[in-house]
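Positions are given from 1, in the same order as the sequence printed here.
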Amino acid sequence: MTTVTLPDGPKTPAFVQAVEILAGRTRAWRRLHARYGSAFMVKMPRFGPTLVLSDPAEVKTLFTTHTDLVDNIDANLGQFLGPGSLFALRGEEHRKERKLLTPPFHGRRLAVYESLIEEEAVREMAGWPSGREFATMESMMRITLNVILRAVFGAEGAEFDQLRALLPKLVLVGSALASLPVPRKLFGRFGPWARFAAYRAEYDRIVQRLIQRAADDPNLSDRDDVLAMLLQARYDDGSAMTHNEIADELLTLLTAGHETTATSLAWTIERLRRHPHILERLVAEADAGGSELREAVLLETQRVRPVIDATARKVRAESLQLGRWTLARGQHVMVSIRLMHENPELFTNPKDFNPDRFVGKRPGTFSWIPFGGGARRCIGAAFATMEMNVVLRVLLRDFTLETTDAPDERAHFRGVALVPAKKGRAVVYRRPPRPAVTESDENQDARGEQVTA
């Protein structure tokens with residue numbers, strides 16, 4: 001019989017620990033990390049006794065362990081997104097589905113969506129007030145939602161408008177239910193589960209129409225949206241995805257890439273307003289047609305303000321050796337993304353907002369983990385990164401962002417995501433149009449010749 005070896009943790013009752021975590025998980029885990037070190041046990045709401053990790057070697061081992069031995073937890077977003085969702089699938093089924101979903105979000109396929117993203121950003125920002133403070137997060141949410149509806153769902157016309165009205169409500173209720181153990185039959189047909197079921201049924205009706213219309217489209221092979229690609233995709237045995245599986249995966253892609261991407265953009269604005277020297281350099285770089293610092297700013301924002309602060313696994317093997325610990329079947333393990341990103345052994349002066357740490361270098365696969373890691377790493381990470389880059393580029397090109405000495409916006413837990421409590425407030429002024437910087441201009445600049453504006 002294998003002897004289980006686990007780290008120490010607080011001995012307070014489960015209810016007390018749950019209240020402390022729900023009141024402020026970041027604050028609670030920082031306190032526990034200071035007391036117990038890089039690994040500790042805690043009684044998590046819904047999950048029970050959970051091993052929390054932030055040791056880089058142990059996290060790498062967890063992420064690289066085969067999914068037959070350790071995989072996604074049972075209580076995950078799959079119960080909201082459907083049985084065909086990547087979150088619900090495990091083992092070989094998950095591997096086959098992920099292989100099918102990967103091509104639309106990598107390589108040259110991403111370039112197809114850049115103009116679409118810029119178009120949506122320009123359209124939304126045209127309504128921004130000049131010289132008056134406003135919250136940017138809802139605006140970013142509209143941009144990312146419209147992008148997903150067009151790029152992923154291929155939606156237009158009535159279905160576009162219907163989904164644009166429905167999906168924020170569906171995601172909001174689902175996020176709330178995912179974070180709180182609300183019984184399904186609470187308040188009968190008037191409870192939150194009933195409301196979620198009604199939203200999901202409406203979603204299915206709309207999306208099934210989109211899927212069928214796409215399936216009947218004689219020009220399906222000419223379309224660029226993800227829905228069209230999923231209809232044409234085939235598993236290794238030659239079989240196609242069912243329409244229900246496609247509906248579940250489309251909702252999965254929306255959930256994974258809508259609120260999270262918008263929140264990261266709101267945090268980026270919040271950070272830049274409080275770091276005027278970085279903002280000044282960023283504007284100069286954008287005006288010169290560069291992108292290296294902008295990419296570093298986005299990486300650093302996601303390090304210091306991760307939207308998802310943890311990723312979880314469940315031991316499926318009879319026992320599992322994980323660094324210093326021997327775990328039994330069924331043990332929940334949670335990686336603290338926040339504690340990893342605050343590790344001074346991985347990031348010098350980790351509390352500082354310093355994009356230069358990423359200029360000219362890529363972050364470590366098992367140290368910078370805002371998208372999770374291993375087989376469960378967010379499949380849309382490259383798409384989200386490109387989308388944030390384009391939206392920030394449009395903002396810097398078209399607006400002057402006013403800096404502030406106001407206190408940092410604190411993080412507010414909104415079911416799944418950690419969002420700026422004041423929703424990324426900003427003051428902007430529209431910039432006059434400027435001539436575009438051409439490639440020949442950049443080459444002349446690199447040789448030290450005068451570039452005219």
ask   = Could you give the distance from CZ (R90) to CZ (R376), rounded to the nearest 0.5 Å?
value = 8.0 Å
query = Of all heavy-atom pairs between S336 and V52, which one has the smallest distance, and what is that distance?
reply = CB-CG1, 4.1 Å
Salt-bridge criterion met for E270 and K422 (N-O under 4.0 Å) = no
query = Is the closest side-chain heavy-atom distance between E285 and L282 below 4.5 Å?
reply = yes
Closest non-hydrogen atom pair, D224 against M229 = O-CE, 3.0 Å
query = Around K169, counting heavy atoms of other residues, nucleotides and ligands shown, do more than 12 lie under 6.0 Å from its NZ?
reply = yes
request  = Step by step, work out the salt bridge (Lys or Arg N to Asp or Glu O under 4.0 Å) result for D217 and R213.
outcome  = CA-CA 6 Å; D217 187 351; R213 185 181 303 155; over 6 Å; no
ask   = Atom CZ of F160 and atom CG of N146: how far apart are they, to the nearest 0.5 Å?
value = 4.0 Å
Gap separating the CG atom of L116 from the CZ atom of R150, nearest 0.5 angstrom = 4.0 Å
query = Does W128 reach the side chain of D398, with side-chain heavy atoms less than 4.5 Å apart?
reply = no
key: Worked verdict on L418 versus R305 for side chain to side chain contact (heavy atoms under 4.5 Å, CB included)   = CA-CA 8 Å; L418 286 165; R305 296 292 188 272; over 6 Å; no
message = Quiz question: by atom type and distance under 3.5 Å, do the side chains of D237 and S239 form a donor-acceptor pair?
response = yes
query = Within the distance-only criterion (no hydrogens, no angle test), does the side chain of Q302 pair as donor or acceptor with the backbone N or O of F371 below 3.5 angstrom?
reply = no
request  = Kindly say whether P370 contributes a backbone atom to a donor-acceptor pair with the side chain of R303 at under 3.5 angstrom?
outcome  = no
query = Strictly by modelled atom types, are R294 and N389 linked by a side-chain donor-acceptor pair under 3.5 Å?
reply = yes
key: Within 6.0 angstrom of E345 CD, more than 12 heavy atoms from elsewhere   = no
key: Electrostatic pair E118-R397, nearest N-O below 4.0 angstrom   = yes
message = Within the 3.5 Å criterion, strictly below it, is a donor on T67 or R95 matched to an acceptor on the partner's side chain?
response = yes
inquiry  = Any salt bridge linking R123 with E119? Criterion: basic side-chain nitrogen under 4.0 Å from a carboxylate oxygen.
reply    = yes
request  = Indicate yes or no for a side-chain donor-acceptor contact from W368 to the backbone of L299 under 3.5 Å, with no hydrogens or angles considered.
outcome  = yes
query = Is the count of non-hydrogen atoms from other residues, nucleotides or ligands lying under 6.0 Å from E138 atom CD greater than 12?
reply = yes
ask   = For the residue pair I337 and I308, what are the closest heavy atoms and their distance?
value = CD1-O, 3.3 Å
task = Would you indicate whether the side-chain heavy atoms of E97 and Y235 approach each other to under 4.5 Å?
result = yes
ask   = Side-chain contact, heavy-atom cut-off 4.5 Å: L401 with I269?
value = yes
query = What's the spacing between H258 NE2 and T144 OG1 if we round to 0.5 Å?
reply = 5.0 Å
note = For P420 and A266 the tightest heavy-atom approach is CG-CB, 4.1 Å
ask   = Does R377 reach the side chain of R98, with side-chain heavy atoms less than 4.5 Å apart?
value = yes
task = Examine distances only and state if a side-chain atom of E409 and a backbone atom of G424 form a donor-acceptor pair shorter than 3.5 Å.
result = yes
query = Which word best sums up how the rings of F47 and H332 line up, parallel for under 30°, tilted for 30 to 60°, or perpendicular for over 60°?
reply = tilted
inquiry  = Check this for me, if you would: do R271 and E300 make a salt bridge, where the nitrogen-to-carboxylate-oxygen distance has to be below 4.0 angstrom?
reply    = no
Side-chain (E114) to main-chain (L110) donor-acceptor, under 3.5 angstrom = no
message = If you compare all heavy atoms of F40 against all heavy atoms of H33, which two are closest, and at what distance to 0.1 Å?
response = CE2-N, 3.8 Å
key: Lys NZ or Arg CZ of R25 over F413 ring: under 6.0 Å, within 45°   = yes
inquiry  = I'd like to know whether CD of Q321 has more than 12 heavy-atom contacts from other residues, nucleotides or ligands below 6.0 angstrom.
reply    = yes
inquiry  = To check you understand the geometry: which heavy-atom pair defines the closest contact between S54 and M340, and what is its length?
reply    = O-SD, 3.2 Å
message = Can you confirm whether more than 12 heavy atoms, excluding those of D216, are under 6.0 Å from its CG atom?
response = yes
query = Would the number of heavy atoms belonging to other residues, nucleotides or ligands and lying under 6.0 Å from NZ of K423 be above 12?
reply = no
message = Whether the side chain of T61 engages the backbone of G323 through a donor-acceptor N/O pair (distance < 3.5 Å, no angle test) should be reported.
response = no
inquiry  = Looking only at the side chains, is there a donor atom on one of Q162 and R209 sitting less than 3.5 Å from an acceptor on the other?
reply    = yes
query = To the nearest 0.5 Å, how far apart are OG in S139 and CG in L265?
reply = 10.0 Å
message = Does any part of the side chain of P7, heavy atoms only, come nearer than 4.5 Å to the side chain of L51, both counted from C-beta?
response = yes
query = Should the ring pair F196 and W193 be called parallel, tilted or perpendicular, given that the plane angle runs from 0 to 90° and is split at 30 and 60?
reply = perpendicular
task = Would you sort out whether L250 and L227 count as a side chain to side chain contact (heavy atoms under 4.5 Å, CB included), showing the intermediate values?
result = CA-CA 7 Å; L250 292 177; L227 166 56; 4.1 Å; yes
request  = Start with the C-alpha gap between F383 and L253, add the side-chain angles, then the distance that decides, and say whether side chain to side chain contact (heavy atoms under 4.5 Å, CB included) holds.
outcome  = CA-CA 11 Å; F383 183 93; L253 296 173; over 6 Å; no
query = Taking H341 for the side chain and I369 for the main chain, is one N or O donor matched with an acceptor at less than 3.5 Å?
reply = yes
query = Should the pair F153 and Y203 be assigned to parallel (<30°), tilted (30 to 60°) or perpendicular (>60°) ring geometry?
reply = perpendicular
ask   = Taking side chain as C-beta onward, heavy atoms only, is L172 less than 4.5 Å from Y199?
value = no
request  = State the CG-CG distance between L339 and D55, to the nearest 0.5 angstrom.
outcome  = 11.5 Å
query = Between the main-chain N or O of A328 and the side-chain N or O of Q331, is there a donor-acceptor pair closer than 3.5 Å?
reply = no
query = S221 side chain to N219 main-chain N or O, any donor-acceptor pair under 3.5 Å?
reply = no
ask   = Going by atom types alone, do R324 and S38 pair a side-chain donor with an acceptor below 3.5 Å?
value = yes
query = Are the side chains of T26 and D309 in touch, meaning some heavy atoms are under 4.5 Å apart?
reply = yes
key: CA sep, side-chain torsions, deciding dist, call: V226, Y113, side chain to side chain contact (heavy atoms under 4.5 Å, CB included)   = CA-CA 11 Å; V226 175; Y113 303 120; 3.8 Å; yes
